[in-house]
Each structure stands twice: as structure tokens, then as C-alpha cells.
Colleague: 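There's a structure below that I have some questions on.
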Amino acid sequence: MVEPQAVPVFERVYAVVCQIPVGRVTTYGQVAHIVGNCDARTVGYALAGLREGTDVPWQRVVNSQGKISLIGSDQRHRLEAEGIVFDARGRIDLSRYGWSGPEQAWLEANGFDPLWFWNR
DNA sequence: CTTCTGACGAAAT
DNA sequence: CATTTCGCCAGAA
């Protein structure tokens, strides 16, 4: 059992992002929601600090409108390679590809607060 | 110590 | 649809 507050926020963000399944996406706000005690900006800051070649699937995090924030990156191609389809406006259908969060058992085992998450 | 700066979000205007 | 406001991490200057 990991102590939640003992792990830096950025590390907690990475832990959650690594749980997003292939072919699914989630939003900055949702990750912040799961991590707790931080906001969407913090998630962006955390991902911005990743190095090239990281194992963290950062491409699976998009903004609340289902759009890519990193224009000019290969994020869209990475997602399309996972089977995700973009509409004519360049948006992803979150009701179809959206991921709501880890299993409660995972949250408990990794020092997150399941109750806080589900009650919100 | 203070200020600035980035992959953001939701509600109000 | 466009803007503004607030929320509040971490490192550099």
C-alpha cells in the first residue's frame, strides 16, 4: 500500500495515465479527478515533463472537447494507429472511446482514494 | 523569497 | 462562438 500524499503529484499522474487501455482516451480533467488534489493544468504540466521514448502513453490524454492539444505532434497518428477515429472536425467521440478510470481495486492497491473518486 | 511560464477545464459573461 | 476568471505543480531566473 502506497501512501497517497507521499508520492509526488506528477508521479501519480503518470501512474493513472499508464492505466489507460490501448484504443481508449481520457481527458486532462478526468486524470486530475482520479489523481485528486490537483487540476487539469497540473496534468498538462506533468505530461509536458515527459521525455521522448517514455513508456507513459501520453497520447491517450486529450482535452475535454475530445481534441488534440499538441498541434504538430504525432499524437493524432499514434491514436489512429490504436484504432481511434477522428471526426471531420478533428475531434474524438469521448462517449465511444472515453475511459472513465481504473478499477476500484487498482485504486485501492495504488494508494488512491476510491471513495473520493466514486462519490464525486 | 517572488515572478513567470507551460499538453487544461468549467462556469460565467 | 469568444473571453475572462480561478483553480494551484514544478523548475528556472
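Residue numbers start from 1 in every chain, and the chains themselves are labelled A, B, ... in the order their sequence lines are given, proteins ahead of strands.
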Colleague: Using atom CZ of A:R12 as one end and atom C1' of C:dA10 as the other, report the distance to the nearest whole Å.
Modeller: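 Those two atoms, CZ and C1', are 16 Å apart.
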
Colleague: With a cut-off of 6.0 Å (strictly less than), are more than 12 heavy atoms of other residues, nucleotides or ligands near CZ of A:R78?
Modeller: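 Count over threshold, so yes.
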
Colleague: Report yes or no: is the cationic atom of A:R91 (NZ for Lys, CZ for Arg) under 6.0 Å from the centre of the six-membered ring of A:F86, at an angle within 45° of the ring normal?
Modeller: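 Not flagged: A:R91 not positioned over aromatic ring of A:F86.
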
Colleague: Looking at the side chain of A:S64, which of B:dA10, C:dA10, C:dG7 is the nearest nucleotide?
Modeller: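 Minimum distance to the A:S64 side chain belongs to B:dA10.
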
Colleague: Checking all strands, does A:N63 fall into the base, sugar-phosphate, or nothing category for heavy-atom contacts under 4.0 angstrom?
Modeller: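 Here A:N63 touches the backbone only, sparing every base.
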
Colleague: Is the terminal nitrogen or CZ of A:R41 (NZ for Lys, CZ for Arg) located under 6.0 angstrom from the six-membered ring centre of A:Y28 and within 45° of that ring's axis?
Modeller: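 The answer is no; the distance or angle limit is not met.
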
Colleague: Between C:dA10 atom P and A:E11 atom CD, what is the distance in whole Å?
Modeller: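 Taking atom P of C:dA10 as the reference, CD of A:E11 is at 10 Å.
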
Colleague: I need the NZ-P distance between A:K67 and B:dG9, as an integer number of Å.
Modeller: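 A:K67 atom NZ is separated from B:dG9 atom P by 10 Å.
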
Colleague: Within residues 40-47 of chain A, which residues have any heavy atom lying less than 4.0 Å from an atom of DNA chain C?
Modeller: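 Heavy-atom contacts with DNA chain C come from A:R41, A:T42, A:Y45.
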
Colleague: Without decimals, in angstroms, what is the distance between A:H33 NE2 and C:dC8 C1'?
Modeller: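 So the NE2-C1' distance, A:H33 to C:dC8, works out to 18 Å.
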
Colleague: Choose from B:dG9, C:dG7, B:dC8 the nucleotide whose nearest atom is closest to any side-chain atom of A:D39.
Modeller: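 Ranking B:dG9, C:dG7, B:dC8 by closest atom to the A:D39 side chain puts C:dG7 first.
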
Colleague: Taking atom CG of A:D87 as the centre, report whether more than 12 heavy atoms of other residues, nucleotides or ligands fall under 6.0 Å from it.
Modeller: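 Atom CG in A:D87 is crowded, with more than 12 foreign heavy atoms closer than 6.0 Å.
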
Colleague: How far apart are the C-alpha atoms of A:Q59 and A:E82, what are their side-chain angles, what is the distance that settles it, and do they pass the side chain to side chain donor-acceptor pair (under 3.5 Å) test?
Modeller: CA-CA 10 Å; A:Q59 71 274 21; A:E82 296 183 357; 3.2 Å; yes

Colleague: Please check if the distance between the ring centroids of A:W58 and A:Y14 is under 6.0 Å.
Modeller: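 No, the ring centres sit 6.0 Å or more apart.
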
Colleague: Provide, to the nearest angstrom, the distance between the CH2 atom belonging to A:W58 and the P atom belonging to B:dG6.
Modeller: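 One finds 19 Å between P of B:dG6 and CH2 of A:W58, rounded.
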
Colleague: If we only count heavy atoms from C-beta on, is the A:I68 to A:L79 side-chain gap below 4.5 Å?
Modeller: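 Side chain of A:I68 against side chain of A:L79, heavy atoms only: contact under 4.5 Å found.
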
Colleague: Round to a whole Å and report the spacing from CZ of A:R51 to C1' of C:dA10.
Modeller: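 Spelled out: CZ on A:R51 to C1' on C:dA10 is 16 Å.
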
Colleague: Let me know the distance between CD1 of A:I71 and C1' of B:dC8, rounded to the nearest Å.
Modeller: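 These atoms are roughly 14 Å apart.
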
Colleague: In whole Å, I'd like the distance from the CD atom of A:Q65 to the C1' atom of B:dA11.
Modeller: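 That distance rounds to 14 Å.
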
